[in-house]
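I have placed the structure first, in the form of structure tokens, so that the comments after it can refer back to it.
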Amino acid sequence: MINKKVTNVQEALVGVKNGMTFMLGGFGLCGIPENAISELVKLDIREVTCISNNAGVDDFGLGLLLQNKQIKKMISSYVGENDEFERQMLSGELEVELTPQGTLAEKCRAAQAGFPAFYTPAGYGTEVAEGKETRDFDGKMYVLEPAFKADFAFVKAWKGDAAGNLVFKGTSRNFNPNMCGAATITVAEVEELVPVGELDPNNVHVPGIFVQRIFQGKEYEKRIEQRTVRQKQ
Amino acid sequence: MINKKVTNVQEALVGVKNGMTFMLGGFGLCGIPENAISELVKLDIREVTCISNNAGVDDFGLGLLLQNKQIKKMISSYVGENDEFERQMLSGELEVELTPQGTLAEKCRAAQAGFPAFYTPAGYGTEVAEGKETRDFDGKMYVLEPAFKADFAFVKAWKGDAAGNLVFKGTSRNFNPNMCGAATITVAEVEELVPVGELDPNNVHVPGIFVQRIFQGKEYEKRIEQRTVRQKQ
Amino acid sequence: MALDKNGIAKRIAQEVQDGFYVNLGIGIPTLVANYVRNDIEVEFQSENGVLGMGPFPFEGEEDADIINAGKQTITTMPGASFFDSSMSFAMIRGKHVHLTILGAMEVSENGDIANWKIPGKMVKGMGGAMDLVASAENIIVAMMHTNKAGESKILKRCSLPLTGVGCVTKVVTNLAVLEVKNNAFHLLERAPGVSVEEIQNATEGTLIVEGEIPEMDV
Amino acid sequence: MALDKNGIAKRIAQEVQDGFYVNLGIGIPTLVANYVRNDIEVEFQSENGVLGMGPFPFEGEEDADIINAGKQTITTMPGASFFDSSMSFAMIRGKHVHLTILGAMEVSENGDIANWKIPGKMVKGMGGAMDLVASAENIIVAMMHTNKAGESKILKRCSLPLTGVGCVTKVVTNLAVLEVKNNAFHLLERAPGVSVEEIQNATEGTLIVEGEIPEMDV
């Protein structure tokens with residue numbers, strides 16, 4: 001077994017530099033790499049491009065990097081929950097590339113799987129397709145979208161082992177598996193680092209080959225964005 | 001929950017016709033839809049195109065359809081274990097399209113996921129790429145491969161439920177998940193049909209949405225092609 | 001009387017058929033789940049990675065790791081599954097989801113939809129909407145017929161940046177049910193007590209009215 | 001003395017480095033696993049869907065559901081995982097597998113390889129080989145230097161249908177270790193007791209011999 005375990009978030013983030021491109025897993029605040037984000041704030045890494053479906057909220061998740069003006073460019077599909085984001089975008093302080101969510105996921109998966117680009121129908125006829133190659137297949141129009149290129153991918157899993165194998169819980173899976181192996185270095189933080197051999201090989205969601213560094217995360221807040229409940233009757 | 005359960009293999013194969021294109025899961029004899037294959041032999045469905053990584057062996061798996069001359073065309077990556085196959089191919093009785101294994105898998109996945117075609121480096125510069133569009137991305141050459149189109153996909157899983165959810169064991173997974181939802185109708189046979197709710201939603205390998213019919217298979221032979229062992233010392 | 005949001009959701013729920021996999025957008029569409037007949041089999045997909053969504057959890061049983069695309073805490077039904085974003089959009093792009101219900105700022109008579117951006121003012125992003133409208137064969141839009149200033153949102157041509165082109169099959173508003181075909185809105189039903197004239201006045205796009213227009217049964 | 005198959009496998013095993021994910025083809029390459037130093041960390045991938053392959057099972061412990069790409073029954077090591085074919089080739093195409101070792105019928109001085117078809121005579125198919133050679137950055141070929149008739153298989157140009165172009169980085173035969181670069185085979189090592197002349201005579205492609213050529217340490 002090839003050992004991917006590192007001691008802590010500091011060791012996991014060795015090599016991050018100003019101006020790099022990062023991928024960050026998560027949907028809303030669900031399944032985001034909380035420890036890596038905190039450390040990026042602490043390290044004050046600047047001028048970064050972030051590929052992430054959302055930009056967190058004003059005071060949590062990627063919102064922390066936005067508040068701190070560390071982000072030069074965001075590549076996301078939805079940013080509706082973040083006032084500071086909208087302010088920076090409308091004022092032009094922040095460069096933003098909005099990408100359909102399925103395209104965002106597949107641009108990650110393409111990078112992971114060695115595909116240079118792919119044709120998707122999403123966005124055809126809209127400003128998302130402007131300047132891009134389009135093409136007819138069987139009478140339907142598609143847009144050519146290139147794979148992402150990133151320096152680091154930061155993902156968060158429920159469980160993992162020193163071999164880098166990952167398992168996710170519920171919808172906190174989202175973009176995390178697609179980003180593993182899609183950047184030069186993939187850093188996985190896990191709620192629980194289990195002994196090697198404990199994960200069922202049939203139910204590993206991300207095989208360790210896609211992960212370069214893994215560490216036991218800590219102090220997960222796992223904030224809920226929209227707490228919706230029903231009453232017991 | 002949308003119920004996909006059918007009573008038996010006969011009901012599962014309603015609608016199969018001469019001249020259709022079938023996808024069949026499995027690698028070698030591992031994870032092949034044994035019940036569906038037996039029924040296709042019994043129904044004597046002819047002139048079919050089969051998309052399957054291998055063609056079984058002379059007296060098992062797809063080899064049974066070959067012996068019975070039911071197959072017009074095979075689309076496979078490797079056929080080395082089947083004398084009758086090689087004979088029919090070299091004599092011209094059987095049309096054969098040999099496709100790199102990763103391309104075969106992705107042509108299934110593309111059909112499943114709504115991609116019309118994709119660019120892969122596999123086969124560039126070889127006869128596999130003859131007559132196909134090729135293209136340079138970042139200085140490397142790729143071949144454009146279209147998604148498969150098939151009428152039925154026959155897959156075999158370890159466990160499944162009436163919602164169509166599937167779980168696989170070991171390397172019997174192989175092409176089966178990629179073929180689910182890649183044909184008009186996907187028929188899944190399972191070693192064990194478990195009550196709905198028993199499968200862990202986190203560890204469903206194929207969500208039921210990709211499966212139209214599921215049934216409890218029977219009398220699995222699960223033949224081993226190359227029994228290799230070591231001696232206890 | 002014009003419908004409220006729940007009324008719109010209730011009417012759209014009638015479009016949901018037995019055996020449908022359905023994707024519900026944020027806002028009014030989310031409410032549709034509450035009104036689907038319970039004698040049919042339906043599964044709700046949420047593009048953040050869940051199939052087989054159930055109702056909201058009981059208080060105290062929320063799980064931060066189990067949410068829908070609106071970031072709301074949810075539960076799952078027996079037979080549910082979780083998956084990654086790439087597989088989620090394989091379901092959508094591959095046309096395995098039968099019906100997409102989403103909100104809009106504007107729709108046009110040729111089936112275009114705009115719902116993600118007001119240049120210079122507001123940008124929320126398209127989320128999964130562009131993927132959904134580009135692939136789904138059955139797209140129902142839930143929306144108000146007019147904006148707060150009383151101006152029609154049912155248009156000849158959308159003025160806002162598009163989410164998708166020629167894709168909307170049906171529109172259910174507070175005033176009417178409209179089918180979109182042959183470059184026109186075809187009036188199918190009126191909200192209870194709302195006249196054809198009221199609908200005509202609130203509709204900027206071409207409105208086709210043929211025969212007697214029944215009231216919605218909501 | 002020329003190496004036997006195990007000798008070739010033993011020499012190739014020396015190319016396997018700490019931290020490598022390795023894909024082993026059918027035949028001689030499969031034997032490589034037996035000779036990898038056990039003080040380094042290596043994981044074997046098989047393209048039918050397993051990472052972390054272990055040795056063959058003990059008699060009576062074979063599982064029809066757990067095989068390698070050669071259809072042989074295998075075991076797995078702690079930390080192993082199973083996955084589908086699409087993900088397996090994502091590992092290969094995405095360059096996550098560091099080293100590919102495979103057999104060949106012919107290789108040429110520009111790094112082409114042929115190993116899947118003899119027109120009119122034999123067609124086994126390419127299996128995963130075309131994907132592997134099109135993507136891997138480190139491709140070692142294990143083969144006999146000549147065919148049974150004594151004719152060289154280390155050629156200027158391959159005569160058989162190609163599996164991949166310009167991709168082979170190293171060739172280990174029963175006679176020699178050859179590096180493939182700048183349109184030539186560069187002789188790195190000789191099999192024990194085999195002379196440079198013997199290798200030269202068995203090599204049709206351009207052979208570059210620079211300085212003293214050491215014997216392999218096998």
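Proteins get letters first, then strands, A, B, ... in listed order; numbering begins at 1 in each.
Other residues, nucleotides and ligands contribute at most 12 non-hydrogen atoms within 6.0 Å of the NZ atom of K218(B). Within a 6.0 Å sphere centred on NZ of K132(B), other residues, nucleotides and ligands contribute more than 12 heavy atoms. The local environment of CD in E133(B) is crowded, with over 12 non-hydrogen atoms from other residues, nucleotides or ligands closer than 6.0 Å. Remark: K149(B) NZ is loosely packed, at most 12 non-hydrogen atoms of other residues, nucleotides or ligands lying under 6.0 Å away. Counting heavy-atom neighbours within 6.0 Å of D18(D) CG, excluding the residue itself, gives a total above 12.
A donor-acceptor pair under 3.5 Å is formed between the side chain of D131(D) and the backbone N or O of G102(B). Remark: the backbone N or O of T163(D) is not paired with any side-chain donor or acceptor of T126(B) at under 3.5 angstrom. For K140(B) (side chain) and A134(D) (main-chain N/O), a donor-acceptor pair under 3.5 Å exists by modelled atom type.
Residue E130(B): no heavy atom, backbone or side chain, is found under 4.5 Å from chain D. Interface residue E47(D): backbone and side-chain heavy atoms are both found under 4.5 Å from chain B.
Contact record, K121(D) with E86(B): O-OE2, 3.9 Å, taken as the closest heavy-atom pair. Between D63(D) and K169(B) the shortest heavy-atom distance is OD2-NZ, 2.9 Å. Here the shortest heavy-atom pairing between V123(D) and L90(B) reads CG2-CD2, 4.2 Å. Scanning all heavy atoms of the two residues, the minimum distance from F82(D) to R173(B) falls at O-NH2, 3.3 Å. The shortest heavy-atom contact between S135(D) and P121(B) is OG-CG, 3.7 Å. Between G125(B) and L162(D) the shortest heavy-atom distance is O-CD1, 4.0 Å.
Between the CD atom in Q231(B) and the CD atom in E59(D) there is a gap of 5.0 Å [rounded to 0.5 Å]. A distance of 4.0 Å separates CG of N178(B) from CG of D84(D), quoted to the nearest 0.5 Å. Of the inter-residue distances, the one linking N53(B) atom CG with N48(D) atom CG reads 9.0 Å to the nearest 0.5 angstrom. To the nearest 0.5 Å, atoms CZ (F89(D)) and OG1 (T120(B)) are separated by 10.0 Å. Taken to the nearest 0.5 Å, the OG1 atom of T171(B) stands 10.0 Å off from the CZ atom of F83(D). For the atom pair CD (Q101(B)) and CE (M130(D)), the distance works out to 12.5 Å, reported to the nearest 0.5 Å.
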Exercise. Is there a side chain to side chain contact (heavy atoms under 4.5 Å, CB included) between R230(B) and F58(D) once you walk through the steps?
Worked result: CA-CA 5 Å; R230(B) 65 190 152 131; F58(D) 290 121; 3.6 Å; yes
For this session: Step by step, work out the side chain to side chain contact (heavy atoms under 4.5 Å, CB included) result for E225(B) and I67(D).
Result: CA-CA 9 Å; E225(B) 222 165 319; I67(D) 65 170; 6.0 Å; no
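When A80(D), G49(D), S86(D) are compared by the number of non-hydrogen pairs under 4.5 Å with chain B, S86(D) comes out ahead.
Looking at E62(D) and I224(B), their side chains come closer than 4.5 Å, going by heavy atoms from C-beta outward.
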